[in-house]
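Per chain, numbering begins at 1; letters A, B, ... match sequence-line order. Given the structure is predicted, the values throughout are model-derived calculations rather than measurements. Scope of the values below: all heavy atoms of this structure, side chains included, with no hydrogens, waters or symmetry mates.
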Amino acid sequence: MIIIRELIDDLKPVFSKVMKKLEVPDTTWEPLFGKSTVEDHGDVALPCHSLAGILRKPPGEIANQIAELVFQDLESFATVSSISGFVNISAKPEWISRRISQLLLDTRLGVGLDEGKIFAVDYSAPNVAKEMHVGHLRSTVIGDSIVRMLEFKGHRAIRENHVGDWGTPFGMLIEHLLDLGEDRAATELGVGDLDSFYKQARSKFVSDDEFASRSRSRVVLLQGGHEETLRLWRILVDESMRYFNEVYSMLGVLLTDEDIMGESRYQELLPEVIERLRDSGILEESEGAEVVFPGGWVNRDGEPLPMIIRKADGGYNYSTSDLACIIDRVERLRCDGFLYVVGTPQKQHFEMVFQVAKKAGFMSDDHQAVHVNFGSVLDTDGKVLKSREGEVIKLHDLLEEAIRRAEETIDEKNPNLQGKERHDIARAVGIGAVKYADLSTERTKDYVFDWERMLSFEGNTAPYLQYAHARICSIFRKWGGDRESLRENFGPLVEEGSSPPTKEELTLARRLVEFPSILDDSASTFSPHKLCRHLHSIASSFASFYENCSILNEEDVVIVRRRLALCDITARELQLGLGVMGIIAPERM
RNA sequence: GGGCGUGUAGCAUAGCCUGGAUAAUGCACCGGCCUCCUAAGCCGGGGACCGCGGGUUCGAAUCCUGCCGCGCCCGCCA
């Protein structure tokens, strides 16, 4: 991973020249050249231990020699030293200063645009007439952040909400709807009481034979396109979606009705999947079902594990629908990549689907199919998060609690905030805290849901970052000058007649300069947590800077402007960084 | 049984793909700091045989291998 990309770009020609002189091939030293692992030693380092064999000298001597040889050419922008076989390079304040002035003038804060690709991002995917749970929260929040990052990088991200709106359970759900009466059922679903609706239907299905048989016939009607049945089905879908949309709106994610690509939408494509698989010669019959053997997997008995494309009863499967999706995304949407923001337990499923899709020629090696997997949400006791009654926790309730807790803290810390502003800030803080807690850990691992921690306003949390941003806004309100003017006329950090930058200013500046490469890395690996960590390090070095360097109270106007400029970039990077994670940075809190 | 993943201070995490220096960060803990731009903060400190054992390497948290704990997956659910 290359950090401070621009510094390395500037250093490479100099090192290349020297290494040529020493007859060390580029392929040997370039991979060694990278960010220093110990910050105190410098920004960039070259460990020379492995060169000892080639140059037939101890690493210490080699490092000394290289340091001496590059010294002159680096003098204008970096310092170099050597210790225990490492060549260490630090950017001089002049170099950092140049980068800062570039960032100040750039509305994109140094983040470049990629060659635009088309990505389908499959995320959220709740099930009709079923409660959304924390798993959906993860998918929704992570997916939303990935969409925002990709779009900021210049890609087209097609949001696809693969809603579970089809399948055998709909027979019993529709029958239950009829039993309740449409109006009452609609009300029940509309207020978000999805689970009890589903459970009532389910319990009747297992205990009442007559109901069960009605349900089965209803499925047949549904799949046959029976008009009245479809109308009833639509009620279930619409009412559920109304509830989902309420959750999306609370969360502040980009998903809208336009993005719904429910399973029902792929139904007509399913027979074609069968045809194409048959044409490609990989479809086989096994125990009455039509299957494909991807190879490489075995079941409990050591026999090859098939992927079932069509069940023995003629019904289709999740896998079939996923294959149909791939065809649709490749041929209709012309996607270059498809991202599936789905939990880790489905890893094998996606590996099989991708493998079959390639084998059947639905996609090529040029397509980037990625299962953007994530771990489970655990309670503080290490078990999968459930409510006290052992049921799934309703997302709606969870988000309300987040806002309520944030309001309590606001009342305690800043009672001046009232009315709409108080409410808006509580939302930004509460929802931001929930999202950030989810995004800030490596997504493939399980994560522990802890109210205290995420809303503690200390540590690597959204409120801490939001607070840093709000403090800067407060400085600018007090200052009252024209923020734009700071950007166009940024004097160097080191200027004749003014005191040189403090270590806090330089630490902050370094981290600000690193921002673009971190954002790139975060976007290209679909890993928001990398950005989170960096934002926290920015906020933390800002807090230190703020505490130790006076800004508005400083007498030297050159220093005032220099420090305000650092504040300006800090605030903008925090806002942009939080922004691509779907988190609002309020101006006061 | 097979497969996948995971194990890093009291707790929660980063680093692992692509091996480098004293293992990083936050909470908690201990000690300081508000007549001054938001103390929701800052400064300083203690705390880790990186699950255990082998191997590769000049060098291993990182790569390979064996074991142990935990989690998930293993054909007509999604």
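Closest to the side chain of A:Glu263, from the set B:G75, B:A78, B:A40, is B:A78. The listed nucleotides are B:G20, B:A21, B:C37; the one nearest the side chain of A:Ser84 is B:A21. When each of B:C42, B:C4, B:G20 is scored by its nearest atom to the side-chain atoms of A:Pro47, the top-ranked nucleotide is B:G20.
Within the nucleic acid shown, A:Lys413 comes within 4.0 Å of at least one base atom, counting heavy atoms only. Residue A:Glu452 is out of contact with every strand shown, counting any heavy-atom pair closer than 4.0 Å. Across all strands shown, A:Ser537 has no heavy atoms under 4.0 Å from either base or sugar-phosphate atoms. Among the heavy atoms of the strands lying under 4.0 Å from A:Ser36 is at least one base atom, whether or not backbone atoms are also near. If you check every strand for non-hydrogen atoms under 4.0 Å, A:Ala470 touches a base.
The phosphate of B:U38 (OP1 or OP2) has a side-chain N or O of A:Ser474 nearer than 4.0 angstrom. For A:Asn88 and B:A21, the shortest distance from a side-chain N or O to OP1 or OP2 is not below 4.0 Å. Contact annotation: A:Thr37 reaches the phosphate of B:A21 (side-chain N/O to OP1 or OP2, under 4.0 Å). Taking 4.0 angstrom as the limit, A:Arg563 places none of its side-chain polar atoms (N or O) nearer than this to OP1 or OP2 of B:C37.
Under the 3.5 Å distance criterion, the side-chain polar atoms of A:His534 are matched with a main-chain donor or acceptor of A:Arg511. Judged purely by atom type and a 3.5 angstrom limit, A:His423 has no side-chain atom pairing as donor or acceptor with the backbone of A:Ile403.
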Summary of protein contacts for nucleotides 7-14 of chain B, nucleotide by nucleotide, where a base hit scores B, a sugar-phosphate-only hit scores S (4.0 Å, heavy atoms): S---SSSS
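Applying the 5.5 angstrom centroid cut-off and the 30 degree plane-angle cut-off, the aromatic ring of A:Phe86 is not stacked upon the base of B:G20.
The two residues A:Ser499 and A:Arg562 come nearest to each other via the heavy atoms O-NH1, 3.0 Å.
B:C34 has its base syn relative to the sugar, with a glycosidic angle deviating from 0 by at most 90°.
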